Structures are given as structure tokens and as C-alpha cells.
Amino acid sequence: MTQRGQRFSVRMAPGQSLLSAALSQGQALSYKCLQGHCGKCCVQVTTGSSTLTKPNAREQEKLGTKLAQGYRLACQTSFSSTLQRQ
């Protein structure tokens with residue numbers, strides 16, 4: 001995934017948010033509110049989107065059409081407990 005031009009790699013961590021997994025794996029993602037209000041944790045998922053849950057209402061409201069381009073809120077996006085097909 002990328003955030004503000006910087007590339008990050010995060011291993012799948014079922015049940016964890018993308019942000020929590022990234023931070024626990026030593027990735028320095030930017031974030032602030034942890035509730036999906038500020039949008040600071042917005043990332044563009046470039047690979048592995050099938051391992052993530054579907055966008056929730058907060059993401060849909062905050063990101064709108066950017067969702068189709070792979071953008072997600074790392075604090076609101078979780079890894080699925082099972083792989084999903086795209």
C-alpha cells in the first residue's frame with residue numbers, strides 16, 4: 001500500500017485493522033483519530049485487497065469514489081478472517 005507517496009508492506013493479520021497490523025509490524029503510517037473522522041490514515045491498497053473486509057459506512061462516506069481506486073481508511077479496514085475472492 002502507499003500513503004503520501006511512501007510504500008508500505010503489511011503482512012496479513014486476521015481480525016486486526018490495517019493500521020494496527022502496520023504499526024505492530026513497524027510501519028510508520030500517519031494517523032490521528034483512530035475513528036475514521038480525520039482521514040489522516042488514508043492509504044491506497046495496491047495489492048492484497050482480497051484479504052480485507054469490505055468498506056464500511058464511515059469509509060464510504062469519507063472516501064466516496066476514491067474507494068474504486070483502492071483507497072481505504074487504515075483504521076477502519078480490517079483483515080478478513082478468511083480470504084475473499086475479488
Side-chain angles (χ1 to χ4, degrees):
M1 67 185 164
T2 60
Q3 184 184 57
R4 295 175 183 82
Q6 187 173 2
R7 185 170 284 286
F8 297 93
S9 180
V10 179
R11 291 180 308 280
M12 185 175 172
Q16 276 192 317
S17 73
L18 186 53
L19 178 61
S20 294
L23 295 175
S24 70
Q25 294 171 28
Q27 302 295 328
L29 284 178
S30 294
Y31 68 97
K32 188 174 181 179
C33 75
L34 298 174
Q35 297 176 6
H37 296 294
C38 72
K40 189 166 184 167
C41 68
C42 183
V43 296
Q44 185 175 27
V45 178
T46 53
T47 60
S49 61
S50 65
T51 65
L52 303 173
T53 55
K54 294 182 187 285
N56 64 22
R58 186 151 322 222
E59 285 185 284
Q60 291 174 7
E61 179 183 323
K62 189 75 176 171
L63 299 175
T65 58
K66 285 187 168 186
L67 286 168
Q69 299 167 359
Y71 286 92
R72 301 294 302 269
L73 296 177
C75 72
Q76 298 295 299
T77 305
S78 296
F79 284 98
S80 300
S81 56
T82 58
L83 292 179
Q84 300 172 355
R85 293 182 187 256
Q86 282 190 319

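Residue numbers start at 1 and run along the sequence shown. As the structure is a prediction and not an experimental result, all values here were calculated from the model.
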Within the side chain of Q3, is there an N or O that forms a donor-acceptor pair under 3.5 Å with the backbone of F8?
no
Atom CG of L52 and atom OG of S80: how far apart are they, to the nearest 0.5 Å?
6.5 Å
Minimal non-hydrogen separation, C38 against C33, with atom names
N-SG, 3.5 Å
Verify same cluster id: Y31, V45 (apolar side-chain graph, 4.5 Å)
yes
Hey, what do you get for OG (S49) to CG (L67), rounding to the nearest 0.5 Å?
11.5 Å
Short question: side chain of Q25, backbone of R11 - any donor-acceptor pair under 3.5 Å?
yes
Under a single-linkage definition using a 4.5 Å side-chain heavy-atom cutoff for Ile, Leu, Val, Met, Phe, Trp and Tyr, are Y71 and V43 assigned to the same hydrophobic cluster?
no
Donor-acceptor contacts under 3.5 Å from residues 55-65 side chains, at least two apart:
| unit_1 | atom_1 | unit_2 | atom_2 | d |
| --- | --- | --- | --- | --- |
| N56 | OD1 | R58 | N | 3.1 |
| N56 | OD1 | E59 | N | 2.8 |
| N56 | ND2 | Q76 | OE1 | 3.0 |
| R58 | NE | Q35 | O | 3.4 |
| R58 | NH1 | Q35 | O | 3.3 |
| R58 | NH1 | H37 | ND1 | 3.0 |
| R58 | NH1 | H37 | NE2 | 2.8 |
| E59 | OE1 | N56 | N | 3.3 |
| E59 | OE1 | R72 | NH2 | 2.9 |
| E59 | OE2 | R72 | NE | 2.8 |
| E59 | OE2 | L73 | N | 3.0 |
| E59 | OE2 | T77 | OG1 | 2.8 |
| Q60 | NE2 | P55 | O | 3.3 |
| K62 | NZ | H37 | O | 2.8 |

Reported CZ-to-CE distance for the pair R7 and M1, which is rounded to 0.5 angstrom
10.5 Å
Partner set under side-chain contact (heavy atoms from CB on, under 4.5 Å) for C75, not counting sequence neighbours
L19, C41
Which heavy atom of A21 sits nearest a heavy atom of F79, and at what distance?
CB-CE1, 3.7 Å
